[in-house]
Structures are given as C-alpha cells and as structure tokens.
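Quantities reported herein were computed from a predicted structural model and do not represent experimental measurements. Just so it is clear, the values below take in all heavy atoms, side chains as well, and ignore hydrogens, waters and symmetry mates.
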Amino acid sequence: QTLAAHHWYQVHHLCDWLLAQGSLRTFDEDRLKRWMLLQEVLRASPVYDELEVQCLKTVGLLNLLEPQPGIVVSRDVVAFATCDQADATPVLAAIDKLIQKSLLYLRPATQELCLWPQSSVDVASELGRIRATEQPLARLGNLVEMLPPPRPIVAHRHYLAFGTLRTMQVRLLEDVKDVAAAAAAPLVGDGELIVVPCYPDQNHSMLAKRLQELSASALEGRVFALRRITEDDLDIANELQAWSRLERECVDLRVDAYARNEVRQSMHRLTAALVQRLADLRSPAHGGREATWWHAGSALEITDGRVLNRCLSEILNRRFAHAPNVRNELINRATVSTAAAAARQKLLERMFTHAHLEDLGIEQTPPEKAIYLSVLKDSGLHAQGEDGWAFRAPAQSSDWHAAWHAVHELLEQRGLVSVKDVLEHLAAAPFGMRDSVSLLFFGAFLKVQRHNVILRERGTYITLLQDSHIARLVKRPDTFEL
C-alpha cells in the first residue's frame, strides 16, 4: 500500500501486511495462538466501521507482541498508534464501542486493552482475595533485596587531591541495636556510610537524636544517614508483595500465558516504582533531602550528590591526613592487576641490586619505570647525593616523612615486628597506604636502615636478601620479621 507524502505507516498497516503474508513465522506457540485468534476476530466480528477495524488490528498486533518493556496497550497509546493523537475523540469513541460489543476487553488490574477475555484466571478477584488476607507491611523486610545492590561511593575530590582512590562502603541497617554495634566496631576499609530507614510508626526525632549520639562516639570516617520511609513507599511495597504472592500461589498461572504476562508486567512496574523511590537506601550516591546526615556528632547539610561527595572527601582528607601523594593508578590501588604485580616484583628486585644506578638502571619505559618515577624518585626516596645514587630517608617536609617516622616508632615500641604488622600499620589511618605502595616503601626503609635493623624469615636471619626472599615476602609477609 502506497501512502501520500508526509504520512506514516501505522500499526494497522503492519497488521495488514502480516495478514497478506498468509502465516506468522514464529516458534512461539503462544504467539501463534494469539495470531489465529486475531484472524478469527477480524473474520467473524460484526464490525463495518473502518476506524473500529483499525483499532482491532492495532490492539491485536500489540497484544501479539507483548510483553514489550515500555509499551502499554492503553486507550491513549492505541489512539496515538491509529491517528498520531493520544486524545483523538473518534478513536476513543470507537474503542468504547468495541468494548460495548465485547470485541475489546479492559484488564481490570492494569487498565490495558486486550482482544480476548481472561481465560482461566480472574486476576482481579485473586488479587482482591490476597489483599484481604495480607497483613499491611510495617517494614520493607525482604523487599529491600529488590533494590540495587550497595555500591561504594568514590570520594572523587580526595582522589584528585591525593592520588589515592578511596571509597565509602554503604550498609543498610534497620534495627537501631545493630547500628549501635556497628558504630562501635572497628572500621574496615577507607570509610563507611550507615543508612538507617525511619518508618511512619517510628519517632523520627528520637531516632535522629540516637544516631547523632552514635556518630559522636564513632570512629572518624563513619557517616550516618537517617532516611524517611513514607506511607506511599509502604503502599507500593504492599502492592508488590500481593502480586508476588499471587505469582507464587496461583497454580493456574502456569497454563494461562495471558494472565501470567499480566502478573509479570504488574510486578515489573511496581518493582521499578519501588526502586525509583528507594534506590538511595542502598546507593545514596546522589544525596537528597529525604535523609538526615551526621558525622562526628555534627549534622551535615547534604542537598545533592555533589555536596555529599565534597563532604565525604573532606572527611577522608582528615582521616588520612598523613597519606603520601602517589600519582600512579597502576600501583596505588587496593587490588593491582597481574601486569602491575609483575612490575612491582621486578622493581623490588632492582631496589636491592641496582640501587647505585640512576633510575635503578631501568631502560626505556616498561611499567616498572612509571612506578619507580611516581613512588621512589618523585618522593625523594631514591635520589642522587654526594655518594651517588642511593636510597635515602625522606625530608621532614616530604609527605612521606610521617609514614617513615611511624615505622621507626613501631620498631622502637615492639622491638620485633612482623612485616604484615608493618603493612597493616601503614594501611590504617592516618596513612592509608595501599599494600603495593607500602611494599616499595618498606623496601626503601630496609635499604636505608640496613645497618640498624635485621630481617628474619621464620626465625632465620637473612644476611643477603635474594629474589626468592622478595617473592615470598610479597606473598607471605606474616612469615618475615623486622
């Protein structure tokens, strides 16, 4: 069929083309049944108005293709698909006539149009029965698992200032008793953001006061957020729970593809609505005015994600005030790649065999050269002096001096300390050094203090540090003592 200029082919034109092909090429038995039903309706229906026929073809073809995300077979969608106007009065009137003639049906639960009535499952009645017996939710409970999984919040401003990518881990705790225990526990990682929901039956002022008290006694780097849960949120959760129960309990859904699709579409719609409203419970990266925030006993004014990121960066700046500035993403990360680990190993070996050479004798630009320049040379740990190139203690003005002095103090206090304890000490606040950087720093410390400290492996004194020792030290630092 050829159309005039500036005219679009409509959905009913596509239906005419498919009818002209004679058969539908699909392996889906359910769609084949719908196609046969559409043909039967068009042959046997007492419809003579062209607009009504076009509506039948449009609804039938959309029903044939469903479920399609984002496409709802509603009255306005059918009107738009028929004549490019969602509020076209003639089309809406034709749809009403078809419903009166029982040629089109309106799904009670979703208010969508369909070409056939419900067959074996009365979804509306079953849903009403479940709603009558279901206790309204006072808490989200297991429905929280439908929300996006917690994602750490990256402190971008801190990263730009210090070169270390740090994150705040997110935890959702519903019981205030769990919050008290979490606030007193040691802090794992760079920082932690604890989100506590406040339900309509809870006293927001009392919860806020309690969280403020807990934040005052918590460690630096632990932030608390109180997020309101409204009655509307619980209404959506109740509706989703009812549809989920219907899907579990209604055995007839297994043989009724139409009703099964209706239930799944409703669950998908409600899940999307719940996620849109409550996603920040587990991923509060965008901030928002729905939550109240505290750190170290003080309230934080968080209006959006930008302000939240700035506040978290400032908190991490204070927590890791003595962290050295390392501008190398290859090595300065919690988990390094295989290539970076190999480069670190080669660099450690050259630190003990080529310390007298400029750039440790590294030629051209392999990965270890970039690590050497950013960690050892730029820091002044490997520098040229009157005696040539050698490893040296950092100057007092260097941002590496605090970590160097901390290792000295640790040795003076304990006398004998495992390399693992040294690495953990450097990883903790206020240094926050990544293990790969700490290993290179420890190697430089050994070179400078070679006449003042000894290194032992499983109680055996090491007189000459070889490549095999270095490989074992990297893998099992707990077996070495300083």
Would you tell me whether H408 and E412 have side-chain atoms, one donor and one acceptor, within less than 3.5 Å of each other? no
Taking C-beta and beyond as the side chain, do L439 and L473 meet within less than 4.5 Å on heavy atoms? yes
Apply side-chain contact (heavy atoms from CB on, under 4.5 Å) to H268 and list each qualifying residue two or more places apart in sequence or on a separate chain. none
Tell me yes or no: between the side chains of D232 and T230, is some donor less than 3.5 Å from an acceptor? no
Is it the case that E349 and Q345 place a side-chain donor and acceptor less than 3.5 Å from each other? yes
Tell me, please, which residues at least two apart from F441 pass ring pair (Phe, Tyr, Trp, His ring centres under 6.0 Å). W400, W404
Tell me which pairs pass side chain to side chain donor-acceptor pair (under 3.5 Å) where either residue lies in residues 435-444, with sequence neighbours left out. R344-S436
Pairs touching residues 209-230 that satisfy ring-ring contact (aromatic ring centres under 6.0 Å, His included), sequence neighbours left out: none
Distance-only donor-acceptor hits, side chain of residues 139-150, under 3.5 Å, sequence neighbours excluded:
from: R139; atom 1: NH1; to: D201; atom 2: OD1; distance (Å): 3.0
from: R139; atom 1: NH1; to: D201; atom 2: OD2; distance (Å): 3.1

Applying ring pair (Phe, Tyr, Trp, His ring centres under 6.0 Å), name anything that partners W389, two or more places apart in sequence or on another chain. H382
The side-chain hydrogen bond (donor to acceptor under 3.5 Å, both in side chains) partners of E134 (sequence neighbours excluded) come to Q241, R245
Partner residues of R151 under the side-chain contact (heavy atoms from CB on, under 4.5 Å) criterion, sequence neighbours left out: S283
By side-chain contact (heavy atoms from CB on, under 4.5 Å), which residues pair with P197, not counting sequence neighbours? L172, E174, Y199, I229, L281
Checking F162 now: which residues fulfil side-chain contact (heavy atoms from CB on, under 4.5 Å) with it, not counting sequence neighbours? H158, N317
Once side chain to side chain donor-acceptor pair (under 3.5 Å) is applied, what residue pairs with a partner in residues 350-359 remain, sequence neighbours excluded? D359-K377
Just jot down the side-chain hydrogen bond (donor to acceptor under 3.5 Å, both in side chains) partners of R75, sequence neighbours excluded, or say none. D96
Cationic tip of R166 above F320 ring, under 6.0 Å, 45° of axis: yes
Under 3.5 Å, is there a donor on one side chain and an acceptor on the other for D478 and S418? no
